[in-house]
There are 2 protein chains.
Amino acid sequence: MEHGHQHGHSIERELECVSQVPIFQSLAEEQLLSVAQVTRPIHAVRGGAVFNAGEVSQTLYIVNTGQVRLYHLSAEGKEQVLRVLNPGDFVGEIALFTDEIHGSYAEATMTTELCTISRESLTNLISRMPPLSMHLLGALADRLKAAERQATLMAIPDALPRLAGYLQVLSHDQSGVVDLPMSKQDLAAYLGMTPESLSRKLHQLVSDGVIETIGRRQIKVLAVNDLAALAPQ
Amino acid sequence: MEHGHQHGHSIERELECVSQVPIFQSLAEEQLLSVAQVTRPIHAVRGGAVFNAGEVSQTLYIVNTGQVRLYHLSAEGKEQVLRVLNPGDFVGEIALFTDEIHGSYAEATMTTELCTISRESLTNLISRMPPLSMHLLGALADRLKAAERQATLMAIPDALPRLAGYLQVLSHDQSGVVDLPMSKQDLAAYLGMTPESLSRKLHQLVSDGVIETIGRRQIKVLAVNDLAALAPQ
DNA sequence: CGTTCTCTTGAATATGCTCAAAGATGGTGG
DNA sequence: CCACCATCTTTGAGCATATTCAAGAGAACG
């Protein structure tokens, strides 16, 4: 029965993880410590499972370093990528409010450090630190916006505008050179097309001078305007 | 400069609206009054605009009675339905945290009563009533879950599983008989297909004995198992 | 350096879209 | 109250697009 982290080892690691996370960023040093104290670190190797679909969860998972891939498994055994978690991103917020089983698998794509907070601890933290709830609400609102954009993007029957819309969002964050957050076959599933179609559409964009491929996981956007013209809205 | 609602008229209407809303439901009578006091009612007729895309918003809109349709307008002028707000549903939460313009149009599909709360008032309320933030978080988490499910559903290239998945979600809530929340042509846009395809796929489900149509806006699910078999997961 | 996985390329097929028109439905005004 | 009109929905046929199936090229990994 381990109830805390007062086993002599410092909570340095927990503190580092917590302080990296945007939703905790504006907290005072003292409050960060409170958060760190209820945090449990998790280590996952490449290909390792963070959690599996069907498992009951009452935990918030926050990625510190590395990357986690969330995906569904279709009836035919195909993987449908839901989302990719990069440092600062989190998952499990739904389980914090409704007693539910995980709808997806979570797998580390590289060596990954996460920190976890139990539902009980988080609700405690929120009641003690009101600003925290505002940050959480903001983060959820952002995710919601992204998810709704994704849903409307997917409703487009043609593959090219879907791809263009996706690249457009990515290129907003970074300037020019876009790092693809997943493999091409995962990206294809994410965009609702086959790897073959993705390959062809990418090739088309390259031929048209809109983009340039750098290696296997980078794309350089040459003509932002053309991309916007192809994307919806 | 109207600063409040103490103009002698009762806040009965505001109170009624507020008390209908799930996120406020568990509040005490006294707290409900506080909420009602910062609420402004809005009336919209069929076809009337609640707000338009491009407008700046710092307001939360909550539907009391009636229905509001949220939609995008594509470059070709086609309407892409994002979501339909029924009594108790709300929109505008994103604008509460990030200064942003509306990404969609909001139009009443019938005579509709809404109540609105400004960003300033809501943040005030939250700081004064901590449980409120938990309810908001819960509501956002639910919406997020629905949006992510929608996004993965849309990523399926075949129309039939998309439709089946959608009907499956609806039939979970109600038992057997499903009320369609929008017209067939809107539903088609929402599901990422043409009205023609939707009509054909519905006909196919009827032929297969999976569903039965009741009038224009109701569907009776006869074989839940068959529906689940057609839907993904 | 070879093995394995990912990605690309090529053809045939199938599915949904577009265009066109007819059939329902519901609301409105005479 | 009924007929008319606008709108929504359905049905049909040809066409465009993406998928499927198959095989080859290219990276990444041990």
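In what follows, every chain begins at residue 1, and chains take the letters A, B, ... in the order their sequences are listed. Remember, it's a predicted structure, so these values are computed and weren't measured experimentally.
- For B:Met193, the listed nucleotide lying nearest its side chain is C:dC17; candidates were C:dC17, D:dG26, D:dT9.
- Between A:His203 and C:dT9 there is a side-chain polar atom (N or O) within less than 4.0 angstrom of OP1 or OP2.
- Within 4.0 Å of A:Ser197, counting heavy atoms only, lies at least one base atom of the nucleic acid.
- The CG-C1' distance, from B:Leu187 to D:dC8, rounds to 13 Å in whole Å.
- When the P atom of C:dG16 is taken as reference, atom CG of B:Leu191 falls 13 Å away, rounded to whole Å.
- Distance CD (B:Gln204) to C1' (D:dT11): 15 Å, rounded to an integer number of Å.
- Within the 3.5 Å criterion, the main-chain N or O of B:Cys17 finds no donor-acceptor partner in the side chain of B:Gln20.
- One interatomic measurement links the two molecules: CG of A:Leu205 to C1' of C:dT8, which rounds to 16 Å at whole-angstrom precision.
- For the side-chain contact (heavy atoms from CB on, under 4.5 Å) with B:Leu85, the qualifying choice from B:Val50, B:Thr112, B:Val91, B:Leu114 is B:Val91, the only one to do so.
- Taking atom CE of A:Met154 as the reference point, atom P of D:dA18 lies 13 Å away to the nearest angstrom.
- Below 30°, between 30° and 60°, or above 60°: for A:Phe51 and A:Tyr61 the angle between ring planes is between 30° and 60°, a tilted geometry.
- Along DNA chain C, the nucleotide nearest to B:Arg46 and the one nearest to B:Leu198 differ in position, and the one closer to the 5' end is contacted by B:Leu198.
- Comparing C:dC17, C:dG16, D:dT10 by their nearest atom to the side chain of B:Pro195 picks out D:dT10.
- Summarising the local packing, NZ of A:Lys145 is surrounded by 12 or fewer heavy atoms from other residues, nucleotides or ligands at distances under 6.0 Å.
- A sub-4.0 Å separation between OP1 or OP2 of C:dC17 and a side-chain N or O of B:Thr194 is present.
- Comparing C:dC17, C:dT8, D:dT10 by their nearest atom to the side chain of A:Lys184 picks out C:dT8.
- A side chain to side chain donor-acceptor pair (under 3.5 Å) with B:Thr109 holds for exactly one of B:Gln67, B:Arg46, B:Arg69; it is B:Gln67.
- Computed from coordinates, the A:Ile156 CD1 to C:dG16 C1' distance equals 16 Å when rounded to whole Å.
- Side-chain to base pairing of A:Glu196 with D:dC21: one donor and one acceptor N or O lie within less than 3.5 Å of each other.
- Between the CG atom of B:Asp158 and the C1' atom of C:dA14 there is a distance of 10 Å, rounded to whole Å.
- Here C:dC7 presents its P atom at 11 Å from CD1 of A:Ile219, a figure rounded to the nearest Å.
- Between A:Pro157 and A:Arg216, the one whose closest nucleotide on DNA chain D sits nearer the 5' end is A:Pro157.
- Picking from D:dT11, C:dG16, C:dC7 the nucleotide with the shortest atom distance to the side chain of B:Arg200 gives D:dT11.
- Taking side-chain N and O atoms only, A:Lys201 has a distance below 4.0 Å to OP1 or OP2 of D:dA18.
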